[in-house]
Amino acid sequence: MALILRGSVRALQAAAQHIASRSMSSVAAGKWQIVGSACITRPPVVCPPMTSLEQQYYEMITTIEEENSLKSDHEIRVEQDRINLEIMKTGEADELDLEEASKQTAIEFEDSCLEELKSFESTHLDKVNHEVKDIKSINRALERSLILVVKQKVGAAEEWVFPHTPWQPGETLRQTCERLVQETCGSDLKVKFLGNAPCGFYKYKYPKTVRKEGFIGAKVFFYKCQVRNKDGSVIPGTNIVDHQWLTQDELDTRLKQSYAKSISKFLVSDR
Amino acid sequence: METGSHERKAQALIRKRQKVTMREEVAEQRAQLTKQWSQYKFEQHQKEVTVLKKIIVARDQALEELRQESEDLWLEAIQVDHVLLPFKAKGPVATSPIKDYDTPDGEYYNITKKWD
């Protein structure tokens, strides 16, 4: 019975869609307001350090590889130099080409290479290991993936959420999210959306005083996107009070519990 | 081509390493480590598969909810995204990049053949 009713309601809706043009709000004004939201992630820039098991395994396979390999040019040079040194000690120097012997030996070459590496490391190490403490910066926590969280007005209060904006008739949900990224983060941040489909949703009811226009509440549809330029910065839009780049564990401290639960369904942890 | 294979055989003889007799403990330890590694990698793979299933379920739920709201938006959401693939991404590097590093040029060796 309920199915038949639903079917007839759908037929009516389809007829209404045929008559009215797509841009009319009657198409999507069901009971819930449709809101598009963007989950903007910055993937990790640097590899995390190896765990102890990974380190042990790595050492083992490198030794096995070395055992099964052939000698390189450098190793043959080292051996030849050792033989030449023996010859020079015993005094049969006439068999040896003195010009070749006065050239740099293989071990000396290896030492000079190691010294060059040390000097490079000492000049550039401090620049490499510079950890950024600013929680608003996109360059913090380079080994983890970061997600953008903003302080936006949700109803009456300001709350920490993923950036969101209500859907406007005449655009697809993905276009809503693309417009959202432009408005919220400015044009400096280049993002790539991962598909046309939303990755998750969150439903919440408006308080009874605000239930005008027939909307009981809002359905927020999340779209996943990745930051493409790692040196891009967020230029906050007009309705953004504050923004932060957070790792997934830090999200739980910032977001509300029910919101965080819907978020965790589609977020991929990097630990 | 024949000279090439002769050269290769000669090189293989010169560059051959001496076989080191392995102690039993070392062989034992290697077998143990290989087993631990295969277990570790299997667990990692299982986690990845679970995460993928979770993501697909979440996406399907979202699509279902969207369909309940608006058939049009649902139809547009299930369209194939032709811009997405081929998907290119630069993976993580071993050390973080040095800002404004002036990369020096390498050495050039001219290997053009000369016929006199």
Side-chain angles (χ1 to χ4, degrees), chain A residues 10 13-14 17 22 27-28 30-32 34 43-48 51 53-54 56-57 60 64 66-72 75-76 124 127-130 139 142-143 167 172-175 192-201 203 219 221-222 226 228 230-231 262 265-269, chain B residues 11-17 19-20 22 26 29-30 33-34 36-37 39-41 47-48 51-52 54-66 68-85 87-101:
Chain A
R10 277 225 183 260
Q13 268 191 341
Q17 281 169 30
R22 188 179 287 211
V27 168
K31 291 190 283 177
W32 301 85
I34 297 175
V45 179
V46 177
C47 305
T51 62
L53 177 62
E54 285 173 352
Q56 283 174 20
Y57 189 71
M60 186 188 85
I64 290 173
E66 202 185 310
E67 283 164 13
N68 294 339
S69 69
L70 296 173
K71 291 180 194 166
S72 65
E75 285 185 71
I76 290 180
H124 294 280
K127 290 185 198 170
V128 164
N129 286 347
H130 184 58
N139 291 321
L142 291 175
E143 294 171 4
W167 169 82
T172 68
L173 256 183
R174 179 169 161 162
Q175 283 167 354
K192 174 148 187 165
F193 277 86
L194 305 176
N196 282 330
C199 55
F201 81 103
K203 216 158 64 174
K219 267 190 191 174
F221 290 100
F222 298 101
Q226 278 189 0
R228 272 338 226 180
K230 289 177 184 130
D231 49 352
S262 344
K265 286 186 183 167
F266 62 82
L267 278 184
V268 181
S269 82
Chain B
Q11 286 291 307
L13 279 173
I14 294 166
R15 295 170 189 269
K16 199 169 178 180
R17 282 185 203 275
K19 235 187 178 176
V20 180
M22 214 187 308
V26 175
Q29 197 195 28
R30 281 188 183 177
L33 197 54
T34 320
Q36 281 182 318
W37 178 254
Q39 271 182 355
Y40 173 72
K41 272 302 186 187
K47 281 178 195 165
E48 282 178 8
V51 159
L52 281 175
K54 204 175 71 163
I55 289 176
I56 291 172
V57 161
R59 186 200 62 186
D60 289 343
Q61 270 182 351
L63 281 173
E64 187 58 47
E65 290 285 324
L66 183 60
Q68 281 175 19
E69 276 315 295
S70 150
E71 191 85 15
D72 276 334
L73 286 180
W74 174 79
L75 279 171
E76 275 159 5
I78 61 171
Q79 294 302 313
V80 175
D81 188 4
H82 297 282
V83 188
L84 182 63
L85 301 174
F87 182 78
K88 273 189 191 175
K90 243 186 167 182
V93 287
T95 50
S96 57
I98 301 165
K99 250 196 164 175
D100 306 324
Y101 176 64

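For the numbers below, each heavy atom of this structure counts, side chains included, while hydrogens, waters and symmetry mates do not. Below, chain A is the first sequence line, B the second, and so on; all start at residue 1.
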Looking at chain A, which one of B/Ala89, B/Ala62, B/Ala94, B/Gly91 has the largest number of heavy-atom pairs inside 4.5 Å, strictly under? B/Ala62
Chain A contact via B/Val93 - which portion, at a heavy-atom distance below 4.5 Å: both
Are side-chain heavy atoms of A/Lys71 and B/Ile14 found at a separation under 4.5 Å? no
Below 4.5 Å from any heavy atom of chain B, which atoms of A/Lys265 appear? Answer side chain, backbone, both or neither. both
Side chain to side chain contact (heavy atoms under 4.5 Å, CB included) filter on B/Ala77, not counting sequence neighbours, yields A/Pro198, A/Tyr223, B/Leu63, B/Leu66
Please report the C-alpha distance between B/Arg59 and B/Glu65 in whole Å, then the side-chain angles of each, then the deciding distance to 0.1 Å, and finally whether the salt bridge (charged side-chain N to carboxylate O under 4.0 Å, His left out) criterion is met. CA-CA 10 Å; B/Arg59 186 200 62 186; B/Glu65 290 285 324; over 6 Å; no
Please rank B/Glu48, B/Gln11, B/Lys88 by heavy-atom pairs under 4.5 Å with chain A and give me the top one. B/Lys88
Main-chain N/O of A/Thr172 paired with A/Gln175 side-chain donor or acceptor, under 3.5 Å: yes
Measure distances from A/Ile76 to the heavy atoms of chain B and classify the residue's part below 4.5 Å as side chain, backbone, both or neither. side chain
Among B/Gln61, B/Arg17, B/Gln79, which residue has the highest count of heavy-atom pairs closer than 4.5 Å to chain A? B/Arg17
Quick check with a 6.0 Å cut-off and a 45 degree axis cone: is A/Arg228 positioned over the face of B/Phe87's six-membered ring? yes
Flag if over 12 foreign heavy atoms under 6.0 Å of NZ, B/Lys47: no
What part of A/Glu54 lies closer than 4.5 angstrom to a heavy atom of chain B: side chain, backbone, both or neither? both
Interface residue of largest heavy-atom contact number with chain B, from A/Val268, A/Leu53, A/Leu173, under 4.5 Å: A/Leu53
Return yes if a side-chain donor-acceptor contact under 3.5 Å exists between A/Tyr57 and B/Gln36, otherwise no. no
Ring centroids only, cut at 6.0 angstrom: are A/Phe222 and A/Phe201 within range, meaning strictly under it? no
Top contributor to chain B interface from A/Pro43, A/Cys47, A/Pro44 [non-hydrogen pairs under 4.5 Å]: A/Cys47
Identify which part of A/Gln226 has an atom lying under 4.5 Å from any heavy atom of chain B, answering side chain, backbone, both or neither. side chain
Under 4.5 Å from any heavy atom of chain A, what part of B/Ile78 do you find: side chain, backbone, both or neither? neither
Neighbour count >12 (heavy atoms, 6.0 Å) for atom CD, B/Gln29: no
Select one option (side chain, backbone, both, neither) describing which atoms of A/Thr51 are under 4.5 Å from chain B's heavy atoms. side chain
Please flag which part of B/Val26 lies under 4.5 Å from any non-hydrogen atom of chain A: side chain, backbone, both or neither. neither
